[in-house]
6 protein chains.
Amino acid sequence: MRIHVINPNSTVSMTDRIGRTARRAVSAGIQIDLVTAHATPASIEGYADEALAVPAMLAAIRAAEARGAAAHVIACFDDPGLDAAREVAAGPVLGICQAALQVAMTLSVRFTVITTLPRSVPIIEDLADAYGVGRRCRRVRAIDLPVLALEDDPICAERLIAAEIRAAQAQDGAEAVVLGCAGMAELCERLSQETGILVIDGVTAAVRQAEALIGMGYRTSKLGGYAWPRLKAGGFAPEAA
Amino acid sequence: MRIHVINPNSTVSMTDRIGRTARRAVSAGIQIDLVTAHATPASIEGYADEALAVPAMLAAIRAAEARGAAAHVIACFDDPGLDAAREVAAGPVLGICQAALQVAMTLSVRFTVITTLPRSVPIIEDLADAYGVGRRCRRVRAIDLPVLALEDDPICAERLIAAEIRAAQAQDGAEAVVLGCAGMAELCERLSQETGILVIDGVTAAVRQAEALIGMGYRTSKLGGYAWPRLKAGGFAPEAA
Amino acid sequence: MRIHVINPNSTVSMTDRIGRTARRAVSAGIQIDLVTAHATPASIEGYADEALAVPAMLAAIRAAEARGAAAHVIACFDDPGLDAAREVAAGPVLGICQAALQVAMTLSVRFTVITTLPRSVPIIEDLADAYGVGRRCRRVRAIDLPVLALEDDPICAERLIAAEIRAAQAQDGAEAVVLGCAGMAELCERLSQETGILVIDGVTAAVRQAEALIGMGYRTSKLGGYAWPRLKAGGFAPEAA
Amino acid sequence: MRIHVINPNSTVSMTDRIGRTARRAVSAGIQIDLVTAHATPASIEGYADEALAVPAMLAAIRAAEARGAAAHVIACFDDPGLDAAREVAAGPVLGICQAALQVAMTLSVRFTVITTLPRSVPIIEDLADAYGVGRRCRRVRAIDLPVLALEDDPICAERLIAAEIRAAQAQDGAEAVVLGCAGMAELCERLSQETGILVIDGVTAAVRQAEALIGMGYRTSKLGGYAWPRLKAGGFAPEAA
Amino acid sequence: MRIHVINPNSTVSMTDRIGRTARRAVSAGIQIDLVTAHATPASIEGYADEALAVPAMLAAIRAAEARGAAAHVIACFDDPGLDAAREVAAGPVLGICQAALQVAMTLSVRFTVITTLPRSVPIIEDLADAYGVGRRCRRVRAIDLPVLALEDDPICAERLIAAEIRAAQAQDGAEAVVLGCAGMAELCERLSQETGILVIDGVTAAVRQAEALIGMGYRTSKLGGYAWPRLKAGGFAPEAA
Amino acid sequence: MRIHVINPNSTVSMTDRIGRTARRAVSAGIQIDLVTAHATPASIEGYADEALAVPAMLAAIRAAEARGAAAHVIACFDDPGLDAAREVAAGPVLGICQAALQVAMTLSVRFTVITTLPRSVPIIEDLADAYGVGRRCRRVRAIDLPVLALEDDPICAERLIAAEIRAAQAQDGAEAVVLGCAGMAELCERLSQETGILVIDGVTAAVRQAEALIGMGYRTSKLGGYAWPRLKAGGFAPEAA
């Protein structure tokens with residue numbers, strides 16, 4: 001059984017970190033099919049980066065299904081192209097934002113999200129609203145570092161995230177914190193121990209939920225919104241291999 | 001590793017059916033600790049039945065934690081006492097309604113819930129709103145049979161559910177259907193094959209999500225809303241064994 | 001004509017204070033049938049305390065109807081078991097939170113609620129949302145004292161509440177303040193005079209609204225959500241005496 | 001103690017009917033100060049009729065306060081000028097729509113409103129949303145008769161309302177029905193008996209709630225949104241007499 | 001082609017300033033038919049001022065249509081009588097609040113509104129909610145000066161507005177600022193240059209949108225909510241001249 | 001002055017029809033810079049078609065700015081890539097769905113949208129919710145014809161749309177109808193005359209609003225969500241030419 005984990009940006013070192021987290025999360029016997037999207041932006045910081053990343057990501061999803069992937073995880077907290085991915089895939093597709101927020105809803109009454117740049121704050125707020133958890137998400141905070149700084153200066157990044165976690169507890173009444181960037185996944189456990197607060201990482205959440213959905217035997221509904229694409233010039237083939 | 005599955009009503013034959021579904025859903029190596037609540041109503045059809053079932057159910061959760069349960073599933077679609085259960089437990093607590101709706105959000109854009117009695121319709125609508133999926137839930141339909149009729153006249157029940165599933169597709173534009181009663185769980189696969197629509201059962205969804213959460217190593221946040229009960233006469237002990 | 005006022009916790013001294021407020025609120029000729037719930041938690045601070053209090057409270061409601069009570073007031077600001085109570089009663093059932101928020105909606109455009117412990121904040125926020133006044137409730141504040149400290153150290157409690165009332169006006173733009181605990185009822189008038197702001201107490205609000213509803217001759221609808229419980233082992237009798 | 005009941009339209013026969021209902025609703029010892037607005041539209045059917053009625057209605061409220069009215073009821077289901085009335089009054093001001101919807105929220109889980117003309121449907125829907133009960137109001141139905149036809153052809157009107165009540169139960173799952181026009185108030189009891197459904201009339205609801213608020217000793221908050229008007233040419237005096 | 005711009009308050013100097021902004025905003029060839037409402041309050045600060053201004057404003061709209069106005073702009077940020085105006089007019093009617101918020105939705109993801117008195121804050125918040133942009137409006141701020149102080153002490157007013165604009169960016173994460181009073185219109189460009197933030201003025205927005213709607217050839221729908229008033233004593237004529 | 005109108009799909013005949021509508025809508029002196037996206041799907045019917053069209057569309061927007069376009073219109077009713085387009089552009093960017101819904105909000109209280117395929121129904125419903133007009137949009141209806149059938153069998157398409165318009169009035173209480181596909185734009189006037197209902201076309205609405213925004217001198221805010229993209233491999237240049 002294989003779960004396809006796609007990093008929609010083109011930074012391989014970030015894919016590696018996502019892969020380490022995904023492999024630690026998954027049960028024995030499940031394989032992680034880890035892919036870096038081809039020729040997409042080096043990081044996803046805003047709507048345009050998302051848009052540029054999605055076509056290659058959808059192609060990767062199709063290719064992974066052809067290789068036998070039973071489910072897919074989009075490892076970027078903006079959940080870029082999530083609906084489109086569900087349309088072109090037979091297996092379940094998990095976004096790490098939606099997966100993390102569903103976990104946060106299950107383990108806490110109020111939580112805060114911590115992301116990288118301030119420009120991502122309204123993007124994540126709108127996702128939380130679209131997923132129906134806006135009322136429960138106290139606040140989306142930003143550490144004001146770019147995504148790749150998580151790799152370039154991990155010590156500074158961790159210190160800033162820890163400070164925001166403490167502020168989330170003290171000022172927002174947050175009972176849990178969601179890490180709002182795939183690049184933060186590896187810090188999750190340490191941040192939780194350091195701050196004493198439940199810290200939730202979307203990569204872990206999505207991979208485990210993908211595994212759960214495979215286990216349920218459910219696949220994406222092919223009626224209505226997620227029906228196969230219609231055959232047309234310039235479009236995807238109507239059905240995955 | 002053990003997952004505690006509690007039937008909050010006192011009908012043992014219904015517990016048995018829930019248990020069969022739960023055991024089929026779970027991975028090898030995970031044990032289902034199956035419990036029927038003690039001296040609660042024979043079925044849960046409305047707010048008062050819920051209220052009468054909850055104290056015994058909470059006691060069962062405490063007892064299961066003492067026996068080593070790592071997570072809990074409340075196997076009644078009204079999710080009775082879900083918040084209270086999270087307060088008295090260390091491990092994650094899943095309600096089958098919330099779990100099923102989270103799965104439906106992941107696999108479809110619009111869905112319908114089918115339940116037993118019309119009196120449960122506003123209850124489930126309010127749950128869907130509280131869980132933030134009200135916009136995506138097209139409708140809550142009722143077959144107008146009591147819960148225990150699912151056991152007493154399963155053929156009639158199945159025929160009525162199938163008819164509502166077809167109506168959900170034709171009239172509501174539902175892309176998936178959620179079975180709105182734990183007693184319907186065993187029918188899920190057959191109804192799906194019969195109607196050609198994705199049918200989602202909350203017992204399966206909750207058990208698999210419980211397993212996923214155990215795998216993530218997350219536990220219920222003990223800050224804020226789900227903090228341990230405070231020590232007092234007539235209350236629960238502040239911490240689970 | 002009798003109005004049944006039930007304190008869902010088992011602290012008799014708190015019942016006495018509620019009773020004094022209720023009796024001052026009611027018109028001549030209306031009797032207050034004042035009851036302390038039997039063997040419930042000593043105070044209600046969180047979901048589990050609520051859950052443990054409800055069955056005894058429902059039994060008290062049934063007993064009060066048998067003694068001729070025309071309406072019921074649940075004197076705890078979490079409105080524990082409010083829907084279930086309406087299901088088992090013929091007469092109107094008022095929760096002090098819903099009643100106070102309805103009054104606040106009538107007398108102000110924006111208001112703040114002040115409660116005891118921080119753990120109750122999300123509970124009251126969710127009630128405000130469920131009652132449809134979330135947009136108008138600026139904030140739920142907590143004085144961070146347990147419920148019974150209102151009795152044990154009333155001077156400190158009153159000082160803390162007054163400080164939060166002033167903060168509500170200065171920081172939240174609150175035009176009125178709702179006292180978010182039945183144990184605060186007796187302080188209402190003094191706090192209002194002291195701070196110069198409209199302070200609303202739910203016990204008074206609910207008792208007067210109960211009297212109003214009796215006067216209208218309306219009773220709880222027995223169609224749909226609040227229909228009598230269905231006859232079953234372990235459940236309530238289908239109809240109140 | 002006096003409650004001022006103002007009919008914002010200028011049809012005296014309608015005021016008379018409202019007055020009969022108000023006087024039947026009120027406790028002994030409370031006087032109804034019944035007023036017909038001066039030179040306003042003959043009935044209120046739409047936004048422009050509302051707008052034309054409000055200045056005279058506000059003047060009537062000021063005059064009634066000068067005569068000693070302790071509270072005010074605006075007896076038109078569109079609640080015209082409700083916020084403005086609260087601004088110019090010291091005593092509580094009740095709108096019959098808001099009052100009726102608050103009663104419906106207390107006695108049922110889902111309800112339907114029945115009004116006169118289809119043009120009033122979105123007006124009442126928007127009020128229900130603004131009052132926070134949109135989720136609980138199943139539907140606003142219209143009998144497609146003008147307001148004054150309730151007087152001119154009462155038999156036809158009653159038959160049409162009864163038909164809509166039955167449709168509300170059968171098609172909407174309504175557990176209670178709110179009469180969406182002050183002119184329907186006198187039919188309330190008979191319609192309830194005829195259809196076996198709880199039927200709620202806003203005049204009764206508002207008068208009794210006004211009485212309840214007087215009993216609580218609360219007055220409109222004079223901070224923020226309902227603060228006294230500021231002194232200016234063409235405006236109201238800053239304080240009621 | 002003429003656009004009718006009505007100042008609902010009776011302060012002619014304010015009309016003049018509105019007129020200067022409107023004439024600068026409009027294309028060559030479009031005439032501004034500028035009107036001061038007759039005998040209305042000197043400024044609009046609260047619900048009662050609004051209510052007193054509307055009947056004269058509606059009469060002005062009717063008169064302007066008779067003079068050939070193709071569209072109407074209500075130049076007060078509370079959008080007083082907007083729905084009623086649409087009912088009595090054939091041409092499109094623009095409110096400067098709704099128009100400005102629609103522009104803000106198009107040019108930014110999150111914005112803040114800055115108004116005059118704190119009493120207007122909940123009024124504008126409620127408008128933003130009713131127009132569906134509540135989620136995107138970060139905050140409504142007040143400079144705590146009366147409307148006419150914008151004329152009496154323009155230097156102080158401008159300084160206070162600039163300070164709130166800077167606070168909106170720093171504290172609210174506002175990406176744009178909407179000026180929440182017609183009297184601020186002339187300051188728009190200077191404030192934008194001074195602060196470096198996009199500042200949106202509703203008079204400009206509404207006049208240009210009125211021109212756009214005229215160009216589209218659309219008129220107000222005369223079905224349902226905005227249907228012509230019905231003929232009656234004390235009401236408007238059913239159709240505009 | 002130039003307005004760039006981009007057809008995100010690659011069907012040139014559809015671009016031509018959009019161009020005819022756009023040129024008819026615009027004022028003399030404004031040029032329409034009409035572009036067909038390069039190598040995108042032949043029509044946009046679902047999330048995946050949208051995703052595949054966006055990168056080429058964003059490139060077209062950048063190219064058009066370099067040619068001097070002052071504003072942009074995305075001529076597809078799903079508003080694909082609208083936020084990303086605003087991020088990469090200096091001038092205002094209008095989506096025909098958002099523009100049409102803003103017009104519908106101004107001219108009616110309740111409206112219905114009519115689109116092509118049922119699979120687009122939830123997409124448009126979600127847009128309406130995100131734009132804050134979900135409450136006012138009665139329903140999204142589909143004629144169940146693919147987008148290109150509007151060209152291949154225009155007579156059938158027009159008949160089906162007219163039938164849905166009539167159903168929208170009769171069954172939904174719609175006061176206006178929005179055409180939910182750029183390919184329907186040319187039918188707008190004829191459908192309005194045929195049915196007697198206000199019919200709104202998004203191409204006309206967006207082009208005129210673009211012109212209005214140019215006239216106001218406003219440009220997209222470059223703070224926060226729509227800030228220029230950050231410089232990175234695989235991303236857009238940080239600033240438009």
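Lettering of chains follows the sequences in order, A, B, ..., and the numbering in each one begins at 1.
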### Query
About how many Å separate CG of Leu107(D) and OH of Tyr226(C), when rounded to the nearest 0.5 Å?
9.0 Å
### Query
Of the listed residues (Thr106(C), Val109(C), Val133(C), Asp201(C)), which shares the most heavy-atom pairs with chain D below a 4.5 Å separation?
Thr106(C)
### Summary
Bottom line for Ala205(D): the part with an atom under 4.5 Å from chain C's heavy atoms is both
### Query
Listed by residue number, which members of residues 207-215 of chain C have a heavy atom under 4.5 Å from any heavy atom of chain D?
Arg208(C), Gln209(C), Glu211(C), Ala212(C), Leu213(C), Gly215(C)
### Message
Shorter than 4.5 Å, heavy atoms on both sides: which option in Gly217(D), Ala25(D), Gly132(D) has the most such pairs with chain C?
### Response
Gly132(D)
### Task
Take atom CZ of Arg2(D) as the centre, draw a 6.0 Å sphere, and report whether it contains more than 12 heavy atoms from other residues, nucleotides or ligands.
yes
### Toward chain C, the part of Ile200(D) with a non-hydrogen atom under 4.5 Å
both
### Query
At their closest point, which heavy atom of Tyr218(D) faces which heavy atom of Thr204(C), and how far apart are they?
OH-CB, 4.4 Å
### Query
By number, which residues in residues 180-194 of chain C have some heavy atom less than 4.5 Å away from chain D?
Cys188(C)
### Query
So which heavy atom on Glu175(C) is nearest to which on Ser221(D), and how close?
O-OG, 2.6 Å
#### Entry: Arg219(C), CZ atom: more than 12 neighbouring heavy atoms under 6.0 Å
no
### Task
Please examine the side chains of Val103(D) and Met216(C), heavy atoms only from C-beta on, and report whether any two atoms are closer than 4.5 Å.
yes
### Message
Are Leu198(C) and Lys222(D) packed together at the side-chain level, in the sense that at least one heavy-atom pair is separated by less than 4.5 angstrom?
### Response
no
### Query
What is the distance from atom CZ of Arg135(D) to atom OH of Tyr131(C), rounded to the nearest 0.5 Å?
11.5 Å
### Query
Quick one: what part of Asp129(C) sits under 4.5 Å from any heavy atom of chain D, side chain, backbone, both or neither?
neither
### Query
For Arg110(C), is it the side chain, the backbone, both, or neither that has a heavy atom closer than 4.5 Å to a heavy atom of chain D?
neither
#### Entry: Region of Gln102(D) that comes under 4.5 Å of a non-hydrogen atom in chain C
both
### Task
Please state whether the side chain, the backbone, both or neither of Val26(D) comes within less than 4.5 Å of a heavy atom of chain C.
neither
